[in-house]
Structures are given as C-alpha cells and as structure tokens.
Amino acid sequence: MRLQKPRGTRDFLPDEMERRREIEARMRETVRRFGYREVCTPVFEHLDLFTMKSGEGIIEEMYVFVDKGGRHLTLRPEVTASVVRMFVNEGRNLPKPLRWCYFADCFRYERPQKGRYRQFWQFGIELIGADTAFADAEVVVAADEMLKAAGVTYDLQVGHLAPVKSLIAGLSPDLQRRVMTCLDKRDFGALEESLAGERQGADLVESLTAVAGCRSPDDLFAITGAIPEKDRITEICELLESQKVPYGLNFAIVRGLDYYTGMVFEAFAPNLGAENQILGGGTYRLAHLFGGDDVASCGFAAGFDRIMVSLGEFTTAGRPGAAIVCTPEAGMRGLEVAAAFRAAGIRTETDLMGRSLGAQVTHAAKSADFAVIIGKKECESGLVTLKNLHTGEQRGLALRDAVAEVSGFGDR
RNA sequence: GCCAGGGUGGGGUAGGUGGUUAUCCUAGGGGACUGUGGAUCCCCCGACCCGGGUUCGAAUCUCGGCCCUGGCCCCA
C-alpha cells in the first residue's frame, strides 16, 4: 500500500460507525436529560491556551505548528481549556450555572497502544458557576448514568484533594508534587523515600497511607481532624449514596495539575490493560488563568474510544431496509416505487449494475430485509411483489400496503 | 523516547535451510441464468511494508526506516 494513514489514526467502516454513533447517542441523551447542551470549539487553538493550563512540558505531547501568519497553534489535546476560554470570552453574562457538553476529537502526539490513539474522541460535560456539594454530586451522577447507558463495566472512584493537601501543606511545592505522584500510583515505598529527610516524615507517611486507605468520611476525619472541607465532603458522599451511585471512596486520586481544587473522580474499565481509565473529572478553577473571574467549575471527560474498545464486538439494531429488484422493462416503475418507500423513511436501494433478476435478489439478501420485485406482471397489475428476505415468504401487495409492512418490520 | 513480538491479495492464511507461474479460505466482479439464483458450478480480480546490502538470483539472509500489536514512560 503506497499511502498509509498517519500513525495512531484509524479508518472507520460503516458497521463500526453505526456502533459508535449508537453509543454516542446514548451518552448524549443521558446528559441532555440533566440539562447539558452541546457546545463546539475550534479543532486548533493558540498554543498558549494549553501551556497556560498545563505547563510547557506538554508541548512535546501535542501536534503544534506555525501557520502562515506566524501564529503558534496546536491541535487540541483536550476540550476543557477551550470550553473555559469560550466561557471567559462569551459566556460571562449567561445565566448561571452553565451546563455544557461536547463530543470532540482530540489529538496527542504519543506512542499508540491499546486504547490510546493520536486522534481520539472525548465526550464531556462542564458545569460552570456552581460551587456546592449538589453541583459536585450532579456531575458524578451524570457520569455514572452515562457510563451505565453506554453499557460498559466500570469501577467508579471518588475522592477529594483537601485531605492530602492539608497533610502536606508544610512541604515545599516540589515535594508536594512528588508526594502526590506517589499517592496516585499508590507507591508507598517511593513515598517513604521522598519523605525520609523531612521532619516527622515517618508520621506523615503513616497518615498519608491511612488516608489513602480510607473507605468512609468518618475514617478520614479521624486522621485529618476537622478540615474546612469536612462538611462538603460529607455532603457529597451523602448525596451520592442517596442517589445509589456505586462508587468507592479514594483519597489517593490526584489528577495531576494544580487547577483541580476539590472533588476528583475517575472510572476504570477492568478489561482494558495499561490504558484502562475511561473517564476522569472533578472540580477546578481555570477561568482566572485565561483572564476571567475565578469561577468554580466541575466537569468530566470520557475517553470515547476506550469505551468502544471496552464494549468489544456488538451489532446494532438497524432499521429495516428495502431493495428494489426489477426486470429491465420495469426500471422506471422501480424508481417510482423506490421514491414511495423513501418518502416513508425507509432506506431503499436500487440496482445500478444492470444485474440479472437473480443476481439482484442475491445482492439484496446481503444489504436489505425486503426485496420489492417488479417485472412485467407487476407493471400490468399495479401491485408489487414483496419478499421477506429473512423468511423467504413473498406475496403481491398494493404499493401502500408493502410500504406499511416494511415500515412495521421490527429489529433485524 | 525505551522494550518485546510482528508486517504475504480487501480480510484470514501456507511457504520461507535463497532457485519455475507464491498456497488455500473468504470477500469483491462476471458467467451458466432476462421471474426468485440467499443455492450450485465455472471464470476473473488481487499480495510478499519501504529502501540499502550480500548474491548469478532475495518474500526468504542482513542493516536501516515506516507501520501494527502489547508493555514502559507519560497521561491534560
């Protein structure tokens, strides 16, 4: 093959696109019911948008380029930064809270592996301008409902950054970051090493290890004492329990960067291998970075492709289709009949290859549920012969009755 | 950026200690066959990832690259 698609990209044939659209539709419908409305932002943005959010280090992980005007641009590696920029630019005087969702392809220059591609799709929501436990809980509930609707098997973990941050507040920023990385990986050996030289380092390791293992708010506050976020954390847990969200508490979730401020959560699919996180989210404050007010936000982003990989093979329930099968003299009549079927919303194909009647039926059986056979006899009688290609039954019907029968046909 | 295993028609494969026209299945197109042909039979189409090296001769050996699969790192 002379021309290959770029590394880490994929082509999708119609069968797969139907599966993807099916799952996408279920995810969209879930968040629609919560009031989240779709927004769309540019596929490429100024490089600064992402370096301001995530630091210079991400440049080598992005598709960056200079355009003909000398602008430093990049294909978006995620959508949250764009949505917040959009909010700062034109969302400030909309009634709060804002409930927005998006489904967008993103690009990262990374080594492809299972569930990781260079072009991939994210589905996410952002709830902007509400700073309450009810807001935090809504986003988690929406994520849970959405994954349920998609049909994946997943493990949902919810945490909060405050307990760990309160324990390590006395450390240098650099060491704080290292500690959080260790916690994220649950590498307690490395944690101990990092804190070895610190005053009361051993106590700190013990507290952090205990916090990471907490399974209830009560356990947590027994270790950390009454931190300011105590009521918020307790309330979030109560709300999630009252809404029967199947989650695990995990205060070792770190989610990388500084703009995460409070609740954080992640979902994993157990059948995915190394890249098994299918969703991540939390509360954050980003707008002030882009020149806006310091507005509280909460959201999640789901890895659509990983969800599709996790779901594996399945067939979608297609809508019925018809194939017009004609003898040569009935060609014109065939087009009329096709138009009538299409007017009723039925997918209808006609022969374009000049095939024999038999070959047309053969082809129809691969692509349709019904063959509508029209020859000399049908032209004279005004009827059509409707053949059910699943059962082989066929009979002569008035056109209107044939259309009605195909319309009423159930799942394939 | 690193590690392991791979790359033969559209898909799946056989062969490969260097030597005729590269095997089989499937898909696709056509015919037998202008009223049922989703069948059967026949025919056609179509491949050794790319480049250098060794050689009389490379799909096979060798080096480099590209790509695929999985893992490490990273993961906004």
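Proteins come first, then strands; the chains are lettered A, B, ... in the order of their sequence lines, and each starts at number 1. Excluded from the calculations below are hydrogen atoms, water molecules and symmetry mates; all remaining heavy atoms, backbone and side chain alike, are included.
If you take atom C1' in B:U21 and the same atom in B:A59, they sit 15 Å apart, rounded to whole Å. With both ends at atom P, the span from B:U60 to B:U26 equals 29 Å, rounded to whole Å. Comparing the same atom, C1', in B:G35 and in B:C68 gives a spacing of 49 Å after rounding to whole Å. Rounded to a whole angstrom, the distance from the C1' atom of B:G15 to that of B:C72 is 36 Å. Across B:C45 and B:G9, the matching C1' atoms stand 9 Å from one another, rounded to whole Å. Annotation: B:C43 and B:C49 have their P atoms spaced 28 Å apart (nearest Å). B:G10 sits 23 Å from B:G16 when the P atoms are compared, rounded to a whole Å. Comparing the same atom, C1', in B:U13 and in B:C56 gives a spacing of 32 Å after rounding to whole Å.
A 6.0 Å sphere centred on CZ of A:Arg26 holds more than 12 heavy atoms belonging to other residues, nucleotides or ligands.
A donor and an acceptor atom never sit less than 3.5 Å apart when one is taken from the side chain of A:Glu110 and the other from the base of B:C73. Evaluation of atom-type donor-acceptor distances gives a pair under 3.5 Å for the side chain of A:Arg116 against the base of B:C74. Put simply, the side chain of A:Glu378 and the base of B:G35 share a donor and an acceptor less than 3.5 Å apart. Side-chain N/O atoms of A:Gln360 and base N/O atoms of B:U36 include no donor-acceptor pair closer than 3.5 Å.
Pairing for B:G5 is with B:C68, a Watson-Crick or G-U wobble pair whose two hydrogen-bonding atom distances lie under 3.5 Å. Base pairing analysis places B:G51 opposite B:C63; the two distances defining the Watson-Crick or G-U wobble pair are each below 3.5 Å. The partner of B:U36 cannot be assigned: no Watson-Crick or G-U wobble pair with both contacts below 3.5 Å exists in any strand. Using the Watson-Crick or G-U wobble rule with both distances under 3.5 Å, B:U17 pairs with nothing in any strand shown.
In this entry the distance linking CG of A:Leu386 with C1' of B:U36 reads 13 Å, nearest Å. Atom CD in A:Glu275 sits about 10 Å away from atom C1' in B:C73, given to the nearest Å. Atom CD in A:Glu45 sits roughly 14 Å away from atom C1' in B:A76 (whole-Å rounding). Put simply, CZ on A:Arg85 is 16 Å from C1' on B:A76, counting in whole angstrom units. Nucleotide B:G70 holds its P atom 12 Å from the CZ atom of A:Arg7, rounded to whole Å. Atom CD of A:Gln122 is separated from atom C1' of B:C75 by 11 Å (rounded to the nearest Å). In this entry the distance linking CD of A:Glu61 with P of B:C74 reads 10 Å, nearest Å. When the P atom of B:A76 is taken as reference, atom CE of A:Met180 falls 12 Å away, rounded to whole Å.
Not less than 6.0 angstrom separates the ring centroid of A:Tyr247 from the ring centroid of A:Phe265.
Summary of the strand contacts: A:Lys5 and A:Arg108 both lie near RNA chain B, and taking for each the nucleotide with the nearest heavy atom, the more 5' one is attributed to A:Lys5.
Between A:Glu29 and A:Arg32 there is a salt bridge, since a side-chain N of the basic residue sits under 4.0 Å from a carboxylate O of the acidic one. The pair A:Asp131-A:Arg232 counts as a salt bridge, with a side-chain nitrogen and a carboxylate oxygen less than 4.0 angstrom apart. A salt bridge links A:Glu336 and A:Arg333; the closest N-O separation between the charged side-chain nitrogens and carboxylate oxygens is under 4.0 Å. At a threshold of 4.0 Å, the pair A:Arg28-A:Glu24 counts as salt-bridged, since one of the basic side-chain nitrogens sits closer than that to a carboxylate oxygen.
Among pairs with a residue in residues 263-273 of chain A, those fulfilling salt bridge (Lys or Arg N to Asp or Glu O under 4.0 Å) read A:Arg255-A:Glu266, at least two apart in sequence or across chains.
For the residue pair A:Thr385 / A:Glu378, a side-chain donor-acceptor distance below 3.5 Å is found, with atom types taken as modelled. Under the 3.5 Å distance criterion, with hydrogens and angles disregarded, a donor-acceptor pair is assigned to the side chains of A:Ser82 and A:Glu45.
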Next item on the list: Go through A:Tyr284 and A:Glu126 one step at a time and tell me if the side-chain hydrogen bond (donor to acceptor under 3.5 Å, both in side chains) criterion holds.
Entry: CA-CA 10 Å; A:Tyr284 59 87; A:Glu126 308 293 348; 2.6 Å; yes
Checklist line | Residues A:Tyr36, A:Glu138; criterion side-chain hydrogen bond (donor to acceptor under 3.5 Å, both in side chains); working and verdict | finding: CA-CA 11 Å; A:Tyr36 289 82; A:Glu138 173 172 299; 2.6 Å; yes
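In this structure, A:Gln113 reaches the B:G71 phosphate: one of its side-chain N or O atoms is under 4.0 Å from OP1 or OP2.
The residue A:Asn388 sits close to a base: some heavy atom pair falls under 4.0 Å. Residue-level contact check: A:Gly115 touches neither bases nor backbone, having no heavy atom under 4.0 Å from any strand. Counting non-hydrogen atoms under 4.0 angstrom, A:Gly57 reaches nothing in the nucleic acid.
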Would you list the protein and nucleotides 2-8 of chain B atom pairs, both N or O, that sit under 3.5 Å from each other?
from	atom 1	to	atom 2	distance (Å)
B:C2	N4	A:Arg111	NE	3.0
B:C3	N4	A:Arg111	NH2	3.1

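Ring geometry for A:Phe123 versus A:Phe103: interplanar angle of 30 to 60°, hence tilted.
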Notebook entry, point to check: What is the per-nucleotide protein-contact pattern of nucleotides 29-34 of chain B, from the 5' end, where B denotes a base atom under 4.0 Å from a protein heavy atom, S denotes such proximity for sugar-phosphate atoms only, and - denotes neither?
Noted result: SS----
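The side chain of A:Thr362 lies closest to B:A39, out of B:C74, B:C75, B:A39.
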